[in-house]
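Each remark here refers to the structure printed beneath this line.
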Amino acid sequence: MWEPTNNLERDRLDKLTRLRETGVVPYPNRADRTHTTRAAIEAFEAVEPNDPEAAEAVEVTVCGRIVRQNLKGKIYFAHIEDGAGRVQLFVRINNVGDETFDIIKNMLDLGDFVQASGNMMRTRTGEVSVLVRELVVLSKALSPLPVIKERVGEDGQTERYGEFSDIEERYRQRYADLAVNPDTREVFRRRARIISTMRRFLEGEDFLEVETPILQPIYGGAAARPFVTHHNQLHQDLFLRISFELYLKRLLVGMYDAVYEIGRDFRNEGVSFKHNPEFTQVEFYRAYADYHDMMDITERMVATIAEEVLGTTTIAFEGHTINLAPPWHRISLRDAIKQHAEIDYVEYPEAGALYQAMHDSGIEASPNATWGKLVDVLLGTVVEPTLIQPTFITDYPRDISPFAKMVPGDEMHVERYEMFIGGMEMGNAFTELNDPLDQEARFVEMNRLYADEDDEATPVDEDYLRAMRYGMPPCGGCGIGVDRLVMLLTGKSTIREVLLYPHLRER
RNA sequence: GGGCGUGUAGCUCAAUUGGCAGAGCUGUGGCCAUUUAAGCCAUAGGUUGGGGGUUCGAGUCCCUCCACGCUCACCA
């Protein structure tokens, strides 16, 4: 059984006991709310200009958490907060009686949930309040939340006194962060609007929402280490998916023209300001489309989301002003690297030569990296940080893109793009490879390529190849990191600020 | 995994060269019948992240472990 860890909790536990002794049910089953805090204020203000007396006849029952209180002799002021906002309670001993006032005075704390019934009024200092006639305890809080006080200055700016800012504790106890920091609540409201707008947009483009397995016997669709788990009764090892790619494309074989999924991916890799072991991804695939079409859809979708959620396509991020309105900048990977590193990788078709050229330019890389990996290093170190405005980098080396179709007439490149905004990779798309024999060769090639890099080998997905042999329409596909998009649209510089429960080490 | 940094009361933070662990908010007791960061008086609250060491004496110096942050590596 829990025991108080400090005098604050001890006091609260004592108050809980006293409430029970007084005959108060501290955790009743039901509340009888008639108005949210906001609705109560609005109901009063709607009537007040025409008929102040009628406004004071407005009766409400509001519920919420006590976030400020001020006992002043035989009157008591408190602000209660609910999901809609705050309203002040004004309690006079004459209105509620000695017993209730004793409860208020001796058994209530900041953080408790209460229900207050009474008429609306405006206090002498002008604040719309509930003149309380009846007060009911809804939930006694035994642990104190951090106390944050606010004052709205003459200039309308809200000054805050006190804060709950310890990053680790905010993440470990997200409920406390949310309870006391309205800014945090707003981040996740916005996140929800971003995702619902995304869903609406894709529905409007005739994409069908589907759900595919998270537990997979063979993982694939990306190059990442998976999490491994086990089904006891089936005696079967399973992997948590690292992408949706291969299962979604099978559905195009099954004659859906366009599908999408929004869901969780799991990658057993390091964590950073833009990586969490589990993260949310949207992938969408359309038959008879290519990567140019996917670029069009992508830039329209992101601009639409920004417009719907923020009311503008011009956003501030990390000190930059970013314009999300289409069309976005499009440049080939080769040209982008030529521009920023003055290395034309086409002139160095062997890994050793390219490594030397990079080394001569002061760009560090692993000496035994593959050629494709080296090109990727160039992208990551030289190009990516400069891509603040939305940019599609197109046409990637074949050997780091096993699911993309070749650029016609180009032995080296595939039809692939990655999108970058704010210096971050936000998404990845291809003209999808639908030649089953080519795909099989690529699988085998990838397997060989990564064979010596311990567990990074890409397993050959025979069932996927079988599906493709039934005939897969030409198609374009795109995946976008939803968390990073949310970072961009909320101005947050770490992924942990846009995940309700970011991964933390066990303590 | 490497480097740098941080960890003191429920919250936010002080603590001089190694010399009595403090403040504000919160809490408790008191005054207060229109307050709003209410105010005034009094008061409680600590294994200074854990463990070990040096020293007459450690929040402070050393070792070690833990967590978090920044960064590098890793992450097509």
Side-chain angles (χ1 to χ4, degrees), chain A residues 4-12 14-15 67-79 86 88-95 101 106 109-111 121-127 129 131 141-153 158-173 176 180 221-225 242-243 267-277 279 364-366 369-370 372-377 379-381 396-404 414 416 418 425 428 430 446 449-450 453 456 458 493-494 496 502 504-507:
Chain A
T5 58
N6 57 52
N7 60 336
L8 300 178
E9 290 180 339
R10 213 165 352 259
D11 287 341
R12 284 168 181 254
D14 287 346
K15 290 174 179 182
V67 294
R68 185 186 74 83
Q69 57 178 356
N70 178 14
L71 182 67
K72 195 173 161 63
K74 290 172 180 163
I75 62 172
Y76 168 79
F77 293 95
H79 276 149
R86 290 181 179 189
Q88 178 168 262
L89 307 183
F90 177 26
V91 183
R92 279 195 293 237
I93 192 168
N94 287 356
N95 295 33
F101 208 79
N106 296 308
D109 287 293
L110 291 174
M121 62 164 300
R122 197 178 276 279
T123 63
R124 194 174 289 173
T125 52
E127 178 160 352
S129 309
L131 180 57
L142 293 181
S143 296
L145 286 165
V147 178
I148 294 170
K149 299 185 172 185
E150 292 181 351
R151 179 172 67 174
V152 180
T158 301
E159 283 182 84
R160 305 189 85 197
Y161 300 85
E163 53 185 339
F164 179 47
S165 56
D166 184 290
I167 293 174
E168 182 179 351
E169 291 308 321
R170 283 183 50 239
Y171 295 159
R172 286 195 193 276
Q173 304 190 55
V180 302
R225 276 183 288 247
I242 59 173
S243 85
R267 295 189 183 175
N268 207 336
E269 309 279 1
V271 300
S272 79
F273 73 94
K274 52 181 176 177
H275 296 89
N276 195 68
F279 62 100
E364 288 183 40
S366 165
T370 63
K373 178 66 195 167
L374 288 171
V375 172
D376 194 55
V377 169
L379 168 64
T381 55
Y396 279 61
R398 174 183 179 281
D399 70 336
I400 53 172
S401 313
F403 301 109
V414 295
R416 172 184 179 184
E418 289 185 313
E425 182 198 332
N428 184 19
F430 324 116
M446 291 306 286
L449 216 57
Y450 286 97
E453 293 192 22
E456 284 234 358
T458 308
S493 54
T494 84
R496 296 182 156 196
L504 296 173
R505 258 178 240 262
E506 209 170 2
R507 188 157 62 178

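Reckoned from all heavy atoms, side chains included, excluding hydrogens, waters and symmetry mates. Just so it is clear: chains get the letters A, B, ... in the order the sequence lines come, proteins before strands, and each one is counted from 1.
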Spacing of Arg12(A) atom CZ relative to A44(B) atom C1', expressed in whole Å: 16 Å

Of the listed nucleotides U28(B), A33(B), U71(B), the one nearest the side chain of Phe273(A): U71(B)

Sugar-phosphate, base or nothing in reach of Tyr161(A), heavy atoms under 4.0 Å: base

Closest nucleotide among G45(B), U34(B), A76(B) to the Asn7(A) side chain: G45(B)

For Val180(A) against Pro146(A), the heavy-atom pair lying closest together: CG1-O, 3.6 Å

N/O (side chain, Arg10(A)) to phosphate O (OP1/OP2, G10(B)) under 4.0 Å: no

Sugar-phosphate only, base, or nothing, as touched by Ser243(A) at under 4.0 Å among non-hydrogen atoms: nothing

G45(B) and U34(B), which share atom name P, separated by this distance in whole Å: 35 Å

Arg225(A) side chain near C75(B) phosphate (N/O to OP1/OP2, under 4.0 Å): no

Nearest to side-chain heavy atoms of Arg496(A), which nucleotide of U12(B), C68(B), U26(B): C68(B)

C74(B) OP1/OP2 closer than 4.0 Å to side-chain N/O of Arg267(A): no

Arg505(A) side, atom CZ; Arg172(A) side, atom CZ - distance, nearest 0.5 Å: 10.0 Å

Sugar-phosphate only, base, or nothing, as touched by Glu425(A) at under 4.0 Å among non-hydrogen atoms: nothing

Touch class at under 4.0 angstrom, heavy-atom based, for Asn94(A) against every strand present: base

Proximity to the side chain of Phe403(A) - top-ranked nucleotide from A76(B), U28(B), U71(B): A76(B)

Ser129(A) side, atom OG; Arg122(A) side, atom CZ - distance, nearest 0.5 Å: 9.0 Å

Polar side chain donor-acceptor pair, Tyr171(A) to Arg496(A), under 3.5 angstrom: no

Sugar-phosphate, base or nothing in reach of Phe90(A), heavy atoms under 4.0 Å: base

Sugar-phosphate, base or nothing in reach of Arg505(A), heavy atoms under 4.0 Å: sugar-phosphate

Distance test, side-chain N/O of Lys149(A) to OP1/OP2 of A38(B), below 4.0 Å: yes

Rounded interatomic separation in angstrom, taking CG from Asn106(A) and C1' from G30(B): 13 Å

Sugar-phosphate, base or nothing in reach of Arg172(A), heavy atoms under 4.0 Å: sugar-phosphate

Sugar-phosphate, base or nothing in reach of Leu145(A), heavy atoms under 4.0 Å: nothing

Distance in Å, Asn94(A) CG paired with Phe101(A) CZ, rounded so as to fall on 0.5 Å steps: 9.5 Å

Contact under 4.0 Å: Gln173(A) side-chain N or O vs C11(B) OP1/OP2: no

Sugar-phosphate, base or nothing in reach of Glu159(A), heavy atoms under 4.0 Å: nothing

Touch class at under 4.0 angstrom, heavy-atom based, for Glu506(A) against every strand present: sugar-phosphate

Nearest-nucleotide 5' precedence on RNA chain B, Pro146(A) against Asp11(A): Pro146(A)

Under 3.5 Å on both distances, the Watson-Crick or G-U partner of G59(B): none

Minimum-distance nucleotide (side-chain atoms of Lys72(A) versus A76(B), C32(B), U71(B)): C32(B)

Sugar-phosphate only, base, or nothing, as touched by Lys274(A) at under 4.0 Å among non-hydrogen atoms: nothing

Check: Glu150(A)/His79(A) side-chain N/O donor and acceptor closer than 3.5 Å: no

Nucleotide nearest Tyr171(A) (side chain, heavy atoms from C-beta), chosen from C74(B), G69(B), A33(B): G69(B)

Closest listed nucleotide, where the reference is the side chain of Gln69(A) and the choices are G27(B), U34(B), G10(B): G27(B)

P-based separation of U64(B) from A42(B) [nearest Å]: 48 Å

Spacing between Glu169(A) atom CD and G7(B) atom P, to the nearest angstrom: 15 Å

Ionic contact status for Glu168(A) with Arg170(A), cut-off 4.0 Å: no

Side chain of Ile75(A) (C-beta onward), nearest among U34(B), G10(B), C11(B): U34(B)

Distance below 4.0 Å between Ser165(A) side-chain N/O and U12(B) OP1 or OP2: yes

N or O in side chain of Lys15(A) less than 4.0 angstrom from G27(B) OP1/OP2: no

